[in-house]
Participant: 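The structure follows.
Atoms within a ligand are numbered from 1 in the order they appear, just like the ligands themselves.
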Amino acid sequence: MATTGQRILVVGGGGREHALAWTLARSPRVAEVLVAPGNAGTAAEPRCRNVDVRAADLDGLVALAVAESVDLVVVGPEDPLVEGLVDRLAESDVRAFGPSAAAARLEGSKAHCKEFLLRHGIPTGAAATFTDVDAALAHLRSLSAVPVVKASGLAAGKGVIVAETADEAATAIREILVDRRFGDAGAEVLLEERLFGPEVSILAFCDGTDFHVMPAAQDHKRLGEGDVGPNTGGMGAFHPSPIADEALLERVGKEVIAPTLQALRDEGRPYRGVLYAGMMLTTEGPKVIEFNCRFGDPETQVVLPLLETDLVDVVDACIDGTLAATEIRWRDQAAVTVVMASAGYPVQSSEPVAISGLEAAASGGCTVFHAGTTLIDGVPHTAGGRVLAVTALADRLGDAADAAHAGVARIEFDGAQHRTDIARATAEVRP
Ligand code: AMP
Ligand code: GLY
């Protein structure tokens, strides 16, 4: 194992990957962080260097890791994990953090995940899977409640339709199976029992056998204030969440994470990496909505700044199977991140526009993680749906929320969208 002065490759170019690169670059064990492809934020980060290789270019990434003799690869997004990047890197003797393709299939196929959960008695909603549109529509007619309709494959977070009426559900089924709105990701469709209750993401570092649950960050998925409007990748997140207390983390660890790791080990595909359990807290107890095989975005922009232990030590423990013997410490603070998105998000993309006020937000005490940004003539411009995640830490949640929102207020770009209520509704009900 390499000791000091590691060179690490972070794969991806979103806010999550900026947070990963930012955290790794602060480690005394790290000499340089390469980010492929990165963004304007990682380009400006000390000890970081962007490399123009896309996260979808598995051949290019393996070649890059080998050519640059990197000591470790940390994979951000789900697609390369599901496509087998970590397996490919292992074949080339490159150490990598993230699950194998076989383990990442839990995110790659919702049909597979559901079958896995039901087979192992892990709490989740009932569901049926179809490839034939008539069979799916017949099943829909037989149900007494309107189900959630899901494209089985990876659809960049857009393949889930929470229909209010049976007609809406039927339209969604046709769009997925017949019109192939999500391409091959919609070759299979799930009709899933709709669950009700507060939603919370529980993320754990996993080493194949043992796990360590991270501080819970609650995500705001809807575009609009008061949690209305279309679903997005996430408009902001905060910690601590009043609904995800220690008792809940322990319960989800015991009822969901532990049996999942045990089952995957028994099936010969041990899970190493971050396991993200999207949970619905129903009146019958916490149930799994989905598994993701990676860090959350924007949850990572809240959680990693709270990590006191060197992230390289944690990643090493996950890869080497020594998590049980590794102490992982977290700052006892509140953290809030507010996402700034470009005009038209999440429906339409927009032309790049210049971003100003980044330094002012940083000098006000915020850490501004970039997502869809690029440098044009040396000036940061928007280059994607979610553009920035503005993070602030404080002893109290209300103060962290105020600081993050104040940071957002200092940043400007044409058509910017953000929510002013991230963490605020919650701050009001907390002492
Ligand atoms: P997913 O992409 O699986 O995270 O789903 C996106 C969102 O759809 C989730 O965050 C939930 O808000 C909602 N959702 C997914 N599955 C269900 C379900 N079975 N019942 C209710 N809401 C759901
Ligand atoms: N914030 C939701 C996700 O990362 O999937």
Participant: Assess whether atom CG of Asp245 is packed by more than 12 heavy atoms of other residues, nucleotides or ligands within 6.0 Å.
Facilitator: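 Count over threshold, so yes.
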Participant: Heavy atoms under 4.0 Å from ligand 2: which residues qualify?
Facilitator: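 Asp219, Lys221, Gly233, Tyr276, Asn292, Arg294, Gly296, Asp297, Pro298, Glu299.
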Participant: Is a side-chain donor or acceptor of Arg386 paired with a backbone partner of Gly234 at a separation under 3.5 angstrom?
Facilitator: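 Looks like yes, one N/O pair under 3.5 Å.
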Participant: Give every pair made of an N or O atom of ligand 1 and a protein N or O atom lying under 3.5 Å apart, one pair per line with both atom names and the distance to 0.1 Å, or write 'none'.
Facilitator:
unit_1   : atom_1 : unit_2 : atom_2 : d
ligand 1 : 3 (O)  : Lys110 : NZ     : 3.4
ligand 1 : 3 (O)  : Glu290 : OE1    : 3.2
ligand 1 : 4 (O)  : Glu290 : OE1    : 3.2
ligand 1 : 4 (O)  : Glu290 : OE2    : 2.5
ligand 1 : 10 (O) : Glu199 : OE2    : 2.4
ligand 1 : 12 (O) : Glu199 : OE1    : 2.6
ligand 1 : 12 (O) : Glu199 : OE2    : 3.4
ligand 1 : 16 (N) : Lys150 : NZ     : 3.0
ligand 1 : 19 (N) : Glu192 : OE2    : 2.9
ligand 1 : 19 (N) : Glu193 : O      : 3.0
ligand 1 : 20 (N) : Leu195 : N      : 2.8

Participant: Looking at His370 and Ala40, would you say the former's side chain and the latter's main chain have a donor-acceptor pair under 3.5 Å?
Facilitator: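 No, His370 side chain to Ala40 backbone: no donor-acceptor pair under 3.5 Å.
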Participant: Assess the pair Phe413 and His381: is the distance between their ring centroids shorter than 6.0 Å?
Facilitator: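 Aromatic pair excluded; centres sit 6.0 Å or further apart.
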Participant: Counting N and O atoms only, with roles assigned by atom type, does the side chain of Thr42 sit under 3.5 Å from a partner on the main chain of Asn39, one being a donor and the other an acceptor?
Facilitator: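 Yes, because the side chain of Thr42 sits within donor-acceptor range (under 3.5 Å) of the backbone of Asn39.
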Participant: Once you measure the plane-to-plane angle for Phe97 and Phe205, does it fall in the parallel (<30°), tilted (30-60°) or perpendicular (>60°) bin?
Facilitator: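 The arrangement is tilted - the two ring planes meet at 30° to 60°.
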Participant: Decide whether Ser241 and Gln218 meet the rule of one side-chain donor and one side-chain acceptor closer than 3.5 Å.
Facilitator: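 Ser241 vs Gln218: donor-acceptor pair found between side chains.
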Participant: Would the number of heavy atoms belonging to other residues, nucleotides or ligands and lying under 6.0 Å from CD of Glu412 be above 12?
Facilitator: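 Open: at most 12 neighbouring heavy atoms sit under 6.0 Å from CD of Glu412.
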Participant: Identify which one of Val338, Asp227, Thr232 satisfies the side chain to side chain contact (heavy atoms under 4.5 Å, CB included) criterion when paired with Arg419.
Facilitator: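 Single pass found, and it is Asp227.
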